[in-house]
Structures are given as C-alpha cells and as structure tokens.
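Okay, so here's the structure we're looking at.
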Amino acid sequence: MLRDLIRGEDPEIDAISTVIDQVSPDVLLLTDFDYDAGDAALAAFSAQLDSPFPYLFSAQPNAGVHTGLDMDGDGRTGDARDALGYGRFLGDGGMAILSRYEISKDDIRNLTELLWKDVPGATLPTLDGEPFPSQQVHDMIPVSSTGHWIVPVLVGPQRVSLLAFAATAPVFDGPEDFNGLRNRDELRVWEAVLDGQIGATPERPILIGNVNAEPFDGEGFRDGIAGVLARSDLQDPQPASEGGADAMNVGHQGNPAFDTADWSEDGPGNLRVSYVLPSSDLSVVGAGVFWPALDDPLASLLGSDGLAAGPHHLVWVDIRIESP
C-alpha cells in the first residue's frame, strides 16, 4: 500500500482520496487500512490529501496476527483465517484515525486484547456440544477481529470519545456460526462499555465504525444492532443518500436511503453496515452518506459503475460542540 501511495498510480486510492477531499471531515475513521508500526502508510495517505490531517492514530490490529492454531476448524494452520482476525499478514486491514483536532493519545483505551470469553453476555461458538474449534482457542481468542479503541479527541475545551471498531462479517463460517457470534459480541463490547461494565463510561461517546450488521436485512444477529440503535444514551442521526435510495434492492425491508455498502444483488445486496452514533447529549446538526444520485455531478467521483472508491460509502455526521 505504501508503494502504491508513493507512486500515485492506484485508481481506488485516488477515488477514496477525492471523496475525502469532497466531504472534508474534521475527524475520520478509516477501516480496512493496512497497519505498519511506523505509520508510514498512514502519514503518506494523509499527506496526499488536499488538506492533510495534523493528528494521526493507529495501533496494531488483531487482523493477521497468526496463532499457530487451527482457528477455523479446517484441520490446517497458517491460513489467513488462522490469525486472531482474518489477515494474510500482520496488520492486513487495520484501522486508522485522522483528525484536525488533538487526539489525547495518553488517554486512549485499547480493548483490542479483550478476551472473547470475558465480554459480558458473550456466546462463544460450539458444535455438537463442544467448544468450536477447540477449548484452547476459546481460552485465548480476543473478541476483536480488528480493533476496539476508545479515543478521546479534544475539541476546544470539550472532549469527545470515539468508540472505534470494525467487526467481522457474520458470514464465511459453518453451523457453529463462529463469525456471526463474534460479530454480535464485538458490538456487545460497546454495550458493556456504555453500561460501565468495562471501566469508566467514556465522556461524550461516539460509536463509530463498520458494524457489518443492520436491523432489517443481511446476515448476522439483527437484534444486536437494533438494540444499540434503540439505546437512550446514543442517538441515530440516520445518515441517508439519494444514491442509496435509487439503488434499492427488491425484497429488502430496510430504508435503502440508509444503506452504506453497494454489494451485488446476488450476494448480500446493499446494506447499512457503517454507523456514526453520537451520545444523546451531543448536538447533531447534519448527517449523510456520500452516495450521490446518478444525475448528480458528484456521482462522477465514484466512477461509471459507482465502485471506483470500493463498495463502502463514506458516512458523515455534523456535531456542534458548545463552549462551556
């Protein structure tokens, strides 16, 4: 990725950068962004934007951390699925935060190593009444497939806390529902954090990331994200787009204007999988998904097939921070 950034010849990177330049967020979470220990790729990515971000943060994800164990029960070790989180190499598909406001790095809480079995209310996979794939895996596997970070951002005299993560897709498993259960419990981490069951409740939390689940369509435990959306301590600004509404899938139950991912109809179809859910005590003044209608001039930024920047669309929420 660093090579492609330096060469400046990758059309998908160019399209993603153009979308970011157009939306011009103050705080940005990137998911599926490869990690390197010196943040060289992250710095290079920020530098090629129209307005580079002064504050950057990333940390080693569980993605690509190989275990030497058979994590998926296929009788082999050493595959991408045998890492703590799916990954062909260490850092494959991590996360990164870019901000125009100071990130209070000394106060970051990294829950990426939290064991799955230690999550309140967790349900680990079993098959025929036995731990799947093994008790050894149950004893050591973290719940996080990528990362779970509580990142304080200082906006003037105020502080908001990003609850940032990227959950595994609840598919690509068997009757044990390994990925489905893990996806649900990755979200359950934040429920426990907000309920004060994992340390102090963060100040002005904003749940942000790729949940890979929605309450109406697709695979996974829909009641999980539905319950989070119904919490009284969070608010759902319901970011929407005309492009998503225009690309409605037949048979889907959810509002297509809220969809954030443009997937093939012979696969999962278009779904709402990425969320920004601010604390209920924050003032939300706007929200949307960057998915222009076909007749909108901005649609050209996404290419002729709408996929130039990939299947995921940028979700944005505008928040007004009042001075005390």
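For CD of E242, the number of neighbouring non-hydrogen atoms (other residues, nucleotides, ligands) closer than 6.0 Å is 12 at most. Atom CZ of F89 has more than 12 heavy atoms from other residues, nucleotides or ligands within 6.0 Å. Within a 6.0 Å sphere centred on CD of Q197, other residues, nucleotides and ligands contribute more than 12 heavy atoms. Annotation for D281: atom CG counts as buried by contact number, over 12 foreign heavy atoms lying within 6.0 Å. Environment of CD in Q136: sparse, with no more than 12 heavy atoms of neighbouring residues, nucleotides or ligands closer than 6.0 Å. Under a cut-off of 6.0 angstrom, the local environment of CE in M248 is sparse, with at most 12 non-hydrogen atoms contributed by other residues, nucleotides or ligands.
Taking the six-membered ring for Trp, H312 and W263 have ring centres closer than 6.0 Å. Close placement of the F45 and F33 rings is indicated, their centers lying within 6.0 Å of each other.
Under the 3.5 Å distance criterion, the side-chain polar atoms of S104 are left unmatched by any main-chain donor or acceptor of D106. The main-chain N or O of A167 is found under 3.5 Å from a side-chain atom of N212 such that the two form a donor-acceptor pair. Looking at D70, its side chain does come within 3.5 Å of a backbone N or O of D74 through a donor-acceptor pair. Here the side chain of E214 pairs no donor or acceptor atom with the backbone of D259 at under 3.5 angstrom. Side-chain atoms of D39 do not come within 3.5 Å of backbone N or O of F57 as any donor-acceptor pair. Between the side chain of D173 and the backbone N or O of F178, at least one donor-acceptor pair lies under 3.5 Å.
Here the closest non-hydrogen pair linking T31 and A166 is CG2-CB, 3.9 Å. Listed here is the closest heavy atom pair of T112 and T146: CG2-O, 3.6 Å. Between V119 and V189, the shortest heavy-atom distance links the atoms CG2-CG2, 3.9 Å.
Using a cut-off of 4.0 Å between Lys/Arg side-chain N and Asp/Glu carboxylate O, R159 and D107 are scored as salt-bridged. The residues D185 and R188 are annotated as salt-bridged, a charged nitrogen and a carboxylate oxygen being separated by less than 4.0 angstrom. Between R184 and E191 there is a salt bridge, with a side-chain nitrogen of the basic residue lying less than 4.0 Å from a carboxylate oxygen of the acidic one. Ion pair R231/D195 flagged as a salt bridge, since at least one NZ, NE, NH1 or NH2 atom sits closer than 4.0 Å to an Asp/Glu carboxylate oxygen. Using a 4.0 Å cut-off between a side-chain N of Lys or Arg and a carboxylate O of Asp or Glu, R81 and D79 do not qualify as a salt bridge.
Note on ring orientation: taking the six-membered ring where Trp is involved, the planes of W190 and F165 are perpendicular (angle over 60°, cut-offs 30° and 60°).
Considering V19, D262, L307, T18 in turn, V19 is the only one that fulfils the side-chain contact (heavy atoms from CB on, under 4.5 Å) rule with L302.
Under the 4.5 Å side-chain heavy-atom criterion for grouping Ile, Leu, Val, Met, Phe, Trp and Tyr, L28 is not connected to L154 through any hydrophobic cluster. No chain of hydrophobic side-chain contacts below 4.5 Å, direct or via other Ile, Leu, Val, Met, Phe, Trp or Tyr residues, connects L314 to L207. With hydrophobic clusters built from ILVMFWY side chains whose heavy atoms lie under 4.5 angstrom apart, F221 does not share a cluster with L271.
In this structure, R100 forms a cation-pi arrangement with F53, its terminal cationic atom sitting closer than 6.0 Å to the ring centre and no more than 45° off the ring axis.
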> Hey, mind stepping through E186 and T168 against side chain to side chain donor-acceptor pair (under 3.5 Å) and telling me if it holds?
Replying inline: CA-CA 8 Å; E186 288 190 80; T168 189; 5.1 Å; no
>> Using side-chain contact (heavy atoms from CB on, under 4.5 Å), reason through L42 and L98 one step at a time and then give a plain yes or no.
In response: CA-CA 9 Å; L42 179 55; L98 305 86; 4.0 Å; yes
>> With side-chain contact (heavy atoms from CB on, under 4.5 Å) as the criterion, how do S144 and W149 come out once you've worked through the C-alpha distance, each side chain's angles and the decisive distance to 0.1 Å?
In response: CA-CA 10 Å; S144 182; W149 306 335; over 6 Å; no
